[in-house]
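Report on one structure; see the data block that follows.
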Amino acid sequence: MAGGDGEGVRNKQVIFRGYVSGSPEETDMEVRESTVELRVPEGSSGVLVKNLYLSCDPYMRIRMRKLYIPGYRDSFEPGSPIAGYGVARVLESGHPNFQKGNLVWGITGWEEYSLITVPETCFKIEHTDVPLSYYTGLFGMPGMTAYAGFFEVCSPKKGETVFISAASGAVGQLVGQFAKLLGCYVVGSAGSKEKVDLLKNKFGFDNAFNYKEEPDLDAALKRCFPKGIDIYFENVGGKMLDAVLLNMKLNGRIAICGMISQYNLEQPEGVHNLMSLILKRARMEGFIVSDYYHLYPKFLETVLPQIKEGKIVYVEDIAEGLENGPAALVGLFSSRNVGKQVVVVSRE
């Protein structure tokens with residue numbers, strides 16, 4: 001099919017309609033059909049792929065604003081397909097590292113077929129004895145985020161106390177399990193009883209609470225951590241971060257992974273308890289996962305056996321069909337998903 005005859009085929013796409021202020025809506029995106037030629041342009045080093053699974057990730061909200069941040073990705077382009085992490089099969093390649101039939105994960109378009117013009121950002125999938133959708137989460141960017149943020153940024157030690165916000169999400173569920181395997185005491189927060197039960201009964205957290213039912217987050221944290229928190233894996237920001245700062249132990253570490261509570265605000269909330277960093281000699285550090293992708297082989301060596309031995313479990317929330325992609329993405333910001341949100345484009 002991709003042998004270079006330039007045959008035009010239908011290409012369903014999720015188009016970004018324009019920059020967003022406030023909470024994103026499904027109407028900020030539009031599902032359209034176009035036509036694409038299944039070939040790599042002459043002389044291009046790009047890779048033509050058929051997309052199989054797409055990843056819904058909170059950071060994509062940041063790209064819906066008009067922004068330019070050096071070292072970060074630019075905004076989505078209005079009138080073009082949105083882009084994000086996905087799993088795809090190579091149909092034709094102009095790049096020596098990829099051949100027709102290879103499975104890859106990396107940044108791709110929200111569409112049925114994509115020409116990836118910078119294939120160096122993609123990883124070839126070598127292990128296919130696990131669900132391919134896991135490469136949008138557990139074995140993809142969220143898994144690497146959990147691994148790098150916890151082990152590299154937080155420098156954890158056995159017996160330490162660990163708190164994770166948005167703990168049932170794609171990243172948080174893994175951080176908690178990594179911490180338990182290391183021998184830490186682990187507590188997570190989430191936004192529903194179902195998610196709290198998941199943390200305690202499926203992921204093996206020592207404790208968990210529904211932040212929506214806690215009128216006083218400081219009191220909730222003191223209840224769970226009477227002697228304080230060694231490590232906080234930060235996913236939400238705002239009032240939760242402020243409460244955590246009051247409960248850090250001496251020489252505690254905070255890894256700033258995300259701040260989903262702030263993404264839809266035109267005026268971000270302030271942080272009032274930063275003096276705690278001085279008094280507790282604590283360290284708070286932000287990180288971007290792409291800075292740690294050189295550790296991907298080491299990460300796979302660690303996590304693949306743990307999955308196969310049942311030491312780590314992973315929960316996905318599957319949306320079938322590209323046309324359901326906008327609803328799945330927007331649902332992240334109202335806690336609609338349970339586990340890693342994945343959109344199925346094609347199961348081949």
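Since this is a predicted model, take the numbers as computed values, not measurements.
With E92 contributing its side chain and V40 its backbone, the two residues share a donor-acceptor pair below 3.5 Å. Under a 3.5 Å cut-off, the side chain of T302 and the backbone N or O of K298 do form a donor-acceptor pair. A donor-acceptor contact shorter than 3.5 Å is absent between the side chain of S93 and the backbone of Q99. A donor-acceptor pair under 3.5 Å links the side-chain atoms of H95 to the main chain of N97, judged by distance alone. One N or O on the side chain of Q173 and one on the backbone of V315 form a donor-acceptor pair closer than 3.5 Å. A donor-acceptor contact shorter than 3.5 Å is absent between the side chain of D57 and the backbone of Y59. In this structure, D206 contributes its side chain and V186 its backbone to a donor-acceptor pair below 3.5 Å. The main-chain N or O of N337 is found under 3.5 Å from a side-chain atom of K195 such that the two form a donor-acceptor pair. With S75 contributing its side chain and R65 its backbone, the two residues share a donor-acceptor pair below 3.5 Å. Proximity of a side-chain donor or acceptor of Q341 to a complementary backbone N or O of L332 within less than 3.5 Å is not detected.
Side chains of V9 and V36 form a contact here, defined as non-hydrogen atoms less than 4.5 Å apart. A heavy-atom distance below 4.5 Å is not found between the side chains of F123 and L103. Counting heavy atoms from C-beta on, the side chains of Y292 and V153 come closer than 4.5 Å. The shortest distance between side-chain heavy atoms of F225 and Y185 falls below 4.5 Å. Taking the side chain as every heavy atom from C-beta outward, M284 and L274 approach each other to under 4.5 Å. Between I164 and V162, the closest side-chain pair of non-hydrogen atoms falls below 4.5 Å. Side-chain contact between K340 and T136 is present, with at least one heavy-atom pair separated by less than 4.5 Å. Using a 4.5 Å heavy-atom threshold, the side chains of L329 and I82 count as touching.
For K249, the NZ atom sits in a packed shell: over 12 heavy atoms of surrounding residues, nucleotides or ligands are nearer than 6.0 Å. A 6.0 Å sphere centred on NZ of K308 holds more than 12 heavy atoms belonging to other residues, nucleotides or ligands. Shown here is K124, whose NZ atom has more than 12 heavy atoms of other residues, nucleotides or ligands within 6.0 Å. The 12-atom threshold is exceeded at NZ of K280, counting heavy atoms of other residues, nucleotides or ligands nearer than 6.0 Å. Taking a 6.0 Å sphere around CD of E33, one finds it holds more than 12 heavy atoms contributed by other residues, nucleotides or ligands.
Rounded to the nearest 0.5 Å, atoms OG (S155) and NZ (K157) are 6.5 Å apart.
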Given Y296 and F299, is the ring-ring contact (aromatic ring centres under 6.0 Å, His included) satisfied, shown in steps? CA-CA 5 Å; Y296 188 64; F299 160 73; 5.8 Å; yes
Applying salt bridge (charged side-chain N to carboxylate O under 4.0 Å, His left out), run through E25 and R17 and close with a yes or a no. CA-CA 11 Å; E25 306 284 346; R17 297 184 66 185; over 6 Å; no
Using ring-ring contact (aromatic ring centres under 6.0 Å, His included), reason through F151 and F178 one step at a time and then give a plain yes or no. CA-CA 9 Å; F151 290 107; F178 290 156; 5.6 Å; yes
Assess the residue pair E285 and R283 against the criterion (salt bridge (charged side-chain N to carboxylate O under 4.0 Å, His left out)); give the C-alpha distance rounded to whole Å, side-chain angles, the decisive distance to 0.1 Å, and a yes or no. CA-CA 6 Å; E285 180 179 346; R283 173 168 60 84; 2.7 Å; yes
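T161 and D230 share a side-chain donor-acceptor pair at under 3.5 Å. Side-chain atoms of N51 and S114 form a donor-acceptor pair, as typed in the model, at a separation below 3.5 Å. Side chain to side chain, Y135 and S55 fail the donor-acceptor criterion of an N or O pair below 3.5 Å. Side-chain contact annotation: E112 with S346, donor-acceptor N/O pair under 3.5 Å absent. Using modelled atom types, one finds a donor on one side chain and an acceptor on the other under 3.5 Å when comparing N247 with K222. Neither side chain, S165 nor S189, offers a donor N or O lying under 3.5 Å from an acceptor on the other.
Under the 4.0 Å criterion applied to side-chain N and carboxylate O atoms, R223 and E214 are assigned as salt-bridge partners. Under a 4.0 Å N-O distance rule, the pair R32/E323 does not qualify as a salt bridge.
The minimum heavy-atom distance linking S192 with N210 is given by the pair CA-ND2, 3.6 Å. Counting all heavy atoms, side chain and backbone alike, R61 lies closest to G22 at NH2-O, 2.7 Å.
Aromatic rings of Y134 and Y314 (six-membered ring for Trp) have centroids within the 6.0 Å cut-off, being under it.
Cluster note: V47 groups with V49, V90, F98, V104, I116 through ILVMFWY side-chain heavy atoms spaced under 4.5 Å, whether in direct contact or through intervening members.
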